[in-house]
Every structure is written in structure tokens, then in C-alpha cells.
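Reading through the C-alpha cells given below for one structure.
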Amino acid sequence: GAGTHFSVGGNPYTAAPEAMSATPHAFSRRLRELYHGFVQLRSLVTPVLGAVHGTLVGGAFAGCLHTDRLVAEQGSIFEHGNLIRGVCPLGMLSKTFAAALGAHAQHVYLRNARATAAEAHAFGLVHQICKTVGVTKARAHSVAELLATDRLLVAAFRERRAPVEVAHIAR
């Protein structure tokens with residue numbers, strides 16, 4: 001995404017009025033369809049890289065959790081954001097969040113704690129911090145170039161991913 005604001009479009013409250021009045025089954029199916037492509041990032045053969053800046057809340061945070069390597073500009077802020085907004089974490093967010101943050105996940109979730117780029121790096125969510133947006137973007141490109149020439153490294157990235165668990169998502 002580019003510009004002053006980027007959203008993966010995962011806000012169920014912005015749905016068309018007819019979608020909000022749909023049966024629970026239809027609404028549930030719509031949400032699963034909405035997140036299907038998002039979750040499928042974990043199924044790609046190639047590594048998924050991310051370069052981020054600004055404040056990442058909810059879906060943006062979830063998008064970061066689906067990357068294999070994340071580079072962040074030093075001023076980035078990470079906030080789960082779903083609990084206080086009454087939004088159900090979908091798209092494997094509850095699973096990938098706990099896997100990425102480990103023992104810190106419950107504290108961050110229940111207190112809606114905001115994490116700086118340095119804190120997200122300490123948790124293991126961010127792999128590298130850069131001083132500017134331009135440097136962040138350039139670093140992500142250089143990692144992509146390295147991966148384009150190293151099949152063993154690509155395989156190692158894929159092996160570290162949490163698998164897509166269809167039964168978990170259905171529940």
C-alpha cells in the first residue's frame with residue numbers, strides 16, 4: 001500500500017448495509033471470503049517480505065504477521081487494536097499473533113499495548129529497523145534480490161512459517 005493510509009480492507013463494520021443484515025451464516029461466509037486471500041499469503045512458494053512505516057493497527061498488524069521478513073522504519077508503531085474495537089480477530093490473527101509475540105502476546109492484546117519498532121524488534125515481529133522510509137524500502141528490496149538467488153534460503157523461510165490450518169480457521 002502507498003499513501004497516507006493503507007488498510008487491507010478487513011473492517012466488517014464498513015460492509016454494505018445489506019451485508020450487515022445478512023444471516024449469521026452468510027455474514028460469516030463473507031468474512032471468511034474476505035480473509036481467504038490474506039491467509040493464503042502463507043501458502044506462497046516465495047517468501048513474503050514487508051517494509052512498513054507509520055502506525056499499524058488491526059489488519060495492518062495482521063498483515064505484518066503474515067510476512068516472512070519485516071523491515072520497519074524506526075518511528076513505526078504496532079497496535080493489535082481489535083479488542084477495544086470489538087472486532088473478532090480473523091485471518092489467523094489470533095494464532096500468528098501469539099506465535100510471533102510469544103509470552104508478550106496476552107499482555108499486548110489485553111492492554112491494547114502499543115509497541116514501538118524497537119519493542120516489536122525485541123518481540124521478534126520486526127527483523128530490521130531502518131532510519132527512514134526510503135532506507136526501509138531499499139532494505140526490503142535488497143533482501144528480495146538476495147532471496148531471488150538463494151533457493152536454500154527461500155526454503156528456510158518457508159519452513160519457519162506457521163502452516164495454514166483450515167480447521168482452525170473454520171472454528
Side-chain angles (χ1 to χ4, degrees), residues 1-14 31 34-35 37-44 46-144 146-147 153 156-165 168-169 171:
T4 57
H5 176 75
F6 170 70
S7 172
V8 295
N11 184 350
Y13 299 117
T14 62
L31 288 177
L34 174 71
Y35 286 101
F38 193 55
V39 172
Q40 292 307 307
L41 287 172
R42 301 191 88 68
S43 300
L44 292 174
T46 58
V48 178
L49 308 174
V52 298
H53 67 95
T55 301
L56 300 106
V57 179
F61 196 135
C64 293
L65 295 169
H66 286 288
T67 63
D68 295 305
R69 178 113 181 136
L70 185 64
V71 182
E73 185 269 330
Q74 67 183 354
S76 301
I77 301 290
F78 297 83
E79 180 182 343
H80 190 289
N82 285 335
L83 181 65
I84 63 167
R85 289 169 181 83
V87 178
C88 175
L90 298 173
M92 280 183 60
L93 175 56
S94 58
K95 186 167 183 83
T96 55
F97 183 76
L101 274 70
H104 302 290
Q106 186 175 25
H107 166 79
V108 171
Y109 180 73
L110 293 176
R111 294 178 187 248
N112 197 48
R114 295 174 62 131
T116 64
E119 291 166 334
H121 183 265
F123 294 154
L125 173 65
V126 170
H127 299 96
Q128 186 173 12
I129 300 171
C130 298
K131 290 189 181 236
T132 67
V133 172
V135 172
T136 303
K137 191 174 176 180
R139 183 60 188 148
H141 281 280
S142 66
V143 171
L146 174 66
L147 288 167
L153 191 55
F157 271 82
R158 274 199 323 267
E159 287 176 20
R160 289 184 48 228
R161 283 185 189 159
V164 174
E165 297 178 12
H168 177 79
I169 293 169
R171 281 194 309 273

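Everything numeric here is computed off the predicted structure, so don't read it as measured data.
A pairwise comparison of heavy atoms in G50 and A140 identifies O-CB, 4.5 Å as the closest pair. Minimum interatomic distance between I129 and H121 (heavy atoms only, all atoms of both residues): CD1-CB, 3.7 Å. Nearest approach of A72 to A117, heavy atoms of both residues: CB-CB, 4.4 Å. Taking every heavy atom of both residues into account, R161 and D68 meet most closely at NH2-OD2, 2.7 Å. In plain terms, the two heavy atoms of C64 and V52 that are nearest each other are SG-CG1, 3.9 Å.
The distance from atom CD of E79 to atom OG1 of T55, rounded to the nearest 0.5 Å, is 8.0 Å. Distance check, rounded to the nearest 0.5 Å: NE2 of H66 to OG of S43 gives 10.5 Å. Interatomic distance, T136 OG1 to K131 NZ, rounded to the nearest 0.5 Å: 11.5 Å.
Looking only at distances, a side-chain donor or acceptor of H127 sits under 3.5 Å from a matching main-chain atom of L70. In this structure, the side chain of E119 engages the main chain of T116 through a donor-acceptor pair within 3.5 Å.
Considering H53, K137, R139 in turn, R139 is the only one that fulfils the side chain to side chain contact (heavy atoms under 4.5 Å, CB included) rule with C130.
Here the side chains of L147 and T46 are not in contact, with every heavy-atom distance at 4.5 Å or above. Between L49 and T67 the shortest side-chain heavy-atom distance does not fall below 4.5 Å.
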Decide side-chain contact (heavy atoms from CB on, under 4.5 Å) for Q128 and R69; before the verdict, give the C-alpha distance in whole Å, the side-chain angles of both, and the deciding distance to 0.1 Å.
-> CA-CA 9 Å; Q128 186 173 12; R69 178 113 181 136; 4.1 Å; yes
